[in-house]
Amino acid sequence: MGFFSDFKASLMKGDVLTLATAVVIAAAFGKIIGSAVDDVIMPIIGLITGGIDFTQKFITLDGNSYENLAAAKAAGAAVITYGNLVQAIINFVIIAFFIFVILRAAEKARKKEIVISAAPAGPTEVELLTQIRDLLKK
């Protein structure tokens, strides 16, 4: 086999296609969660915390005080934007929670599928021996 035919055979394996599908779905899922966090959860957290916008929280390293993050960046100040870290942690926790819920639901569905698809059990050894004994008596 040539290089390209080997490469094609490798790509057509089920594991590679499953992985590619999972990556595409994960990227879309990440965008959905990002939107949920930015547009729904963070405003609620901001309301609870008195209107705090975590993405605007920063510490300047030059010792000067700036009105907002945009002004600090425009002045060329080195800043630590710890608010972005807080938002990234919240994103991670929410994504992990959603993945846990999905995996848990998939596991329950798989267990139900296994129970439903289980073949009916045949007679036990004792039942077979009893049937043979009864047939021999006749």
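- Here CZ of Phe97 is found 10.5 Å from CD1 of Ile102. Values are rounded to the nearest 0.5 Å.
- Checked against side chain to side chain donor-acceptor pair (under 3.5 Å), Thr21 has no partners two or more places apart in sequence or in another chain.
- Looking at residues two or more places apart in sequence or on another chain, you find no side chain to side chain donor-acceptor pair (under 3.5 Å) involving Asn68.
- Side chain of Ser35 to main chain of Ile32: no donor-acceptor pair is present (N/O by atom type, distance under 3.5 Å, no hydrogens or angles).
- Note on Ile48: it clusters hydrophobically with Val40, by side-chain heavy-atom contacts below 4.5 Å among ILVMFWY residues.
- Distance CD/Gln56 to CG/Asn84: 8.5 Å, rounded to 0.5 Å.
- For the residue pair Thr60/Asn64, the side-chain donor-acceptor check at 3.5 Å is not satisfied.
- Legend: residues meeting side-chain contact (heavy atoms from CB on, under 4.5 Å) with Phe98, ordered by chain and number and at least two apart, are Phe29, Ile33, Ile94.
- Applying the salt bridge (charged side-chain N to carboxylate O under 4.0 Å, His left out) criterion to Glu107, with sequence neighbours excluded, gives Arg110.
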For a quick test of your reading: what N or O donor-acceptor pairs under 3.5 Å do the side chains of residues 126-138 make, sequence neighbours left out?
unit_1: Glu127; atom_1: OE1; unit_2: Thr124; atom_2: N; d: 2.9
unit_1: Thr130; atom_1: OG1; unit_2: Val126; atom_2: O; d: 2.7

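- Between Val79 and Ile59 there is no side-chain heavy-atom pair separated by less than 4.5 Å.
- Every residue meeting the side-chain contact (heavy atoms from CB on, under 4.5 Å) condition with Leu61, not counting sequence neighbours, appears here in chain and number order: Ala78, Ile80.
- Atom CZ in Phe58 sits 10.0 Å away from atom NZ in Lys73 (nearest 0.5 Å).
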